[in-house]
2 protein chains.
Amino acid sequence: MLNSYEPLYLQLADLLRERIIDGTFPAGSPLPSEQALCDEHRQSRMTIRRALAVLRDEGLIMKRRGAPSTVRPRPARKALPLRGEQRLISRMPSRKERIQLDLDPGVPVLEVRHVGGGSDLYAADRVEVLSTI
Amino acid sequence: MLNSYEPLYLQLADLLRERIIDGTFPAGSPLPSEQALCDEHRQSRMTIRRALAVLRDEGLIMKRRGAPSTVRPRPARKALPLRGEQRLISRMPSRKERIQLDLDPGVPVLEVRHVGGGSDLYAADRVEVLSTI
DNA sequence: CCGGATTTGTACGTATGTATT
DNA sequence: GAATACATACGTACAAATCCG
């Protein structure tokens, strides 16, 4: 943690992201506790938590109160064919939508708009859209 | 701010979200400064900032250092037709991707994967995907 | 264009509550 | 029930970017 040009929490996020990608922390495994990361990297808990928030917002880890953060396993994606003149919008959900769909923070939604009006909402990490041309 | 069952920062986020949606804070307009919000709602600056972070992550506001947060105007979306056997993945970008594409935090990306390999990346709030059936 | 005032960003500390283990 | 771990929320200080006269 010597680079002084970049915020500490981003440097730590980069470090942890590498370890997730290179398999040091495999999918489903727990990260060290916030306190352990504080001790290991000599940073305050707030800095640690900000780094973890970055990774959560990238969809890389899951956080649960009382339990250590875990590396998010890639969920199985179902095919979602676009039909007819449907249009598809990707965006972040409102908090209500997130709660209703039981989504984790940091996961976008896909909103499929139908011609006659109305729309369906999908967790973006659980579907894969394919053209039906 | 009387409801004690919900965190203060979420209650404040709900309040500000309402005012954005109902037009009290129109698109492009600045929100009150963090200090003004502290005074008005009798909360610490950290609580204010967490509420603003919620709205930023929902794509509702933009934050810029040194300048007050502003209501994000809906960017004009370009049509993005899905062709052939292309597949489309929606997800949050890594920080590098976000910087390379000059995206604001809280905006998902659409990754279009081509049959032969390779993929294109789009800011999800700047494109609208349509089926080409 | 400069410089001060304002505003947001980073980083630390402390205390207490709540969920999980 | 106890220990562990994360969540909320208050505070302080200083840095960096923007704004404005």
Side-chain angles (χ1 to χ4, degrees), chain A residues 1-16 20 25 28-72 95 98-99 102-106, chain B residues 1-16 20 25 28-57 60-72 95 98-99 102-106:
Chain A
M1 289 299 161
L2 294 170
N3 178 354
S4 59
Y5 300 112
E6 201 176 22
L8 292 177
Y9 75 93
L10 288 180
Q11 295 184 47
L12 178 58
D14 290 344
L15 197 82
L16 295 175
I20 290 173
F25 299 125
S29 74
L31 297 183
S33 74
E34 294 178 357
Q35 188 55 53
L37 292 171
C38 288
D39 298 340
E40 180 180 354
H41 300 280
R42 306 280 178 163
Q43 293 171 344
S44 73
R45 192 169 158 224
M46 181 190 179
T47 302
I48 302 294
R49 286 177 57 74
R50 293 196 62 178
L52 294 178
V54 167
L55 301 179
R56 184 204 57 191
D57 292 344
E58 291 179 2
L60 283 177
I61 67 172
M62 294 183 299
K63 292 173 120 304
R64 238 181 30 176
R65 188 185 200 140
S69 300
T70 56
V71 179
R72 181 198 296 275
R95 196 164 61 87
R98 204 160 52 76
I99 293 169
D102 191 30
L103 301 178
D104 294 312
Chain B
M1 287 300 160
L2 296 170
N3 178 354
S4 59
Y5 300 111
E6 205 177 18
L8 291 176
Y9 75 93
L10 288 181
Q11 296 184 46
L12 178 59
D14 289 343
L15 198 82
L16 295 174
I20 290 174
F25 300 126
S29 73
L31 297 184
S33 73
E34 294 178 359
Q35 188 55 53
L37 291 172
C38 288
D39 298 341
E40 181 181 353
H41 299 280
R42 306 278 179 164
Q43 292 171 347
S44 72
R45 193 174 156 220
M46 180 191 180
T47 303
I48 302 294
R49 287 178 58 74
R50 294 198 60 177
L52 295 177
V54 168
L55 300 179
R56 184 205 58 191
D57 291 344
L60 283 177
I61 68 173
M62 293 182 300
K63 293 175 122 300
R64 238 178 55 202
R65 187 187 200 134
S69 299
T70 56
V71 179
R72 181 198 297 274
R95 195 165 63 86
R98 203 160 53 74
I99 292 169
D102 191 30
L103 300 179
D104 295 310

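In what follows, every chain begins at residue 1, and chains take the letters A, B, ... in the order their sequences are listed.
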A:E6 atom CD is separated from C:dA11 atom C1', nearest whole Å, by 15 Å
A:I61 and A:S69 have their tightest heavy-atom pair at CD1-CB, 4.1 Å
Quiz item: Any side-chain heavy atom of A:L52 within less than 4.5 Å of one from A:L16?
Solution: yes
Rounded to whole Å, the CD-P distance (A:Q35 to C:dT21) equals 19 Å
Next item on the list: Would you check if A:D104 and A:R72 make a side-chain contact, meaning some heavy-atom pair closer than 4.5 Å?
Entry: yes
Between CD1 of A:I48 and P of C:dC12 the distance, given in whole Å, is 8 Å
Distance below 4.0 Å between B:Y9 side-chain N/O and D:dA9 OP1 or OP2:
no
Result for 5'-nearest mapping on DNA chain C, choosing between B:M46 and B:E34, is B:E34
Check: Would you say the side chain of B:S44 lies within less than 4.5 Å of the side chain of B:Y9, judging by non-hydrogen atoms?
Finding: no
TODO: Find out whether A:V71 and A:L31 are in side-chain contact, i.e. whether some heavy atom of one side chain is under 4.5 Å from a heavy atom of the other.
DONE: yes
Whole-Å distance, A:L8 CG to D:dC14 C1', equals 14 Å
Between CD of B:Q11 and C1' of D:dA9 the distance, given in whole Å, is 13 Å
Smallest heavy-atom separation, B:C38 atom then B:I48 atom, equals SG-CG1, 3.7 Å
When rounded to whole Å, the CG to C1' distance for the pair A:L37 and D:dC6 reads 12 Å
Problem - D:dA9 phosphate, OP1 or OP2, under 4.0 Å from B:R50 side-chain N/O - result: no
Terminal axes of the helix from C:dC2-D:dG21 to C:dT21-D:dA2 (5 end pairs apiece), angle rounded to 10 degrees, sit apart by 20°
Note: contacts of residues 62-70 of chain B with DNA chain C (heavy atom, under 4.0 Å) are B:K63, B:R64, B:R65, B:G66, B:A67, B:P68
Show, in sequence, the C-alpha distance, side-chain angles and deciding distance for B:E34 and B:K63, and conclude whether the salt bridge (charged side-chain N to carboxylate O under 4.0 Å, His left out) test is met. CA-CA 11 Å; B:E34 294 178 359; B:K63 293 175 122 300; 3.7 Å; yes
note: A:Y5, atom OH; C:dT10, atom C1'; distance rounded to Å ~ 17 Å
Quick note, B:R45 side chain, CB onward, closest among D:dA5, D:dT8, D:dA13 is D:dA13
All heavy atoms of B:L55 vs all of B:A13, minimum pair found to be CD2-O, 3.7 Å
When rounded to whole Å, the CZ to P distance for the pair A:R49 and C:dG9 reads 19 Å
Applying side chain to side chain donor-acceptor pair (under 3.5 Å) to B:D14 and not counting sequence neighbours gives A:R95, B:R17
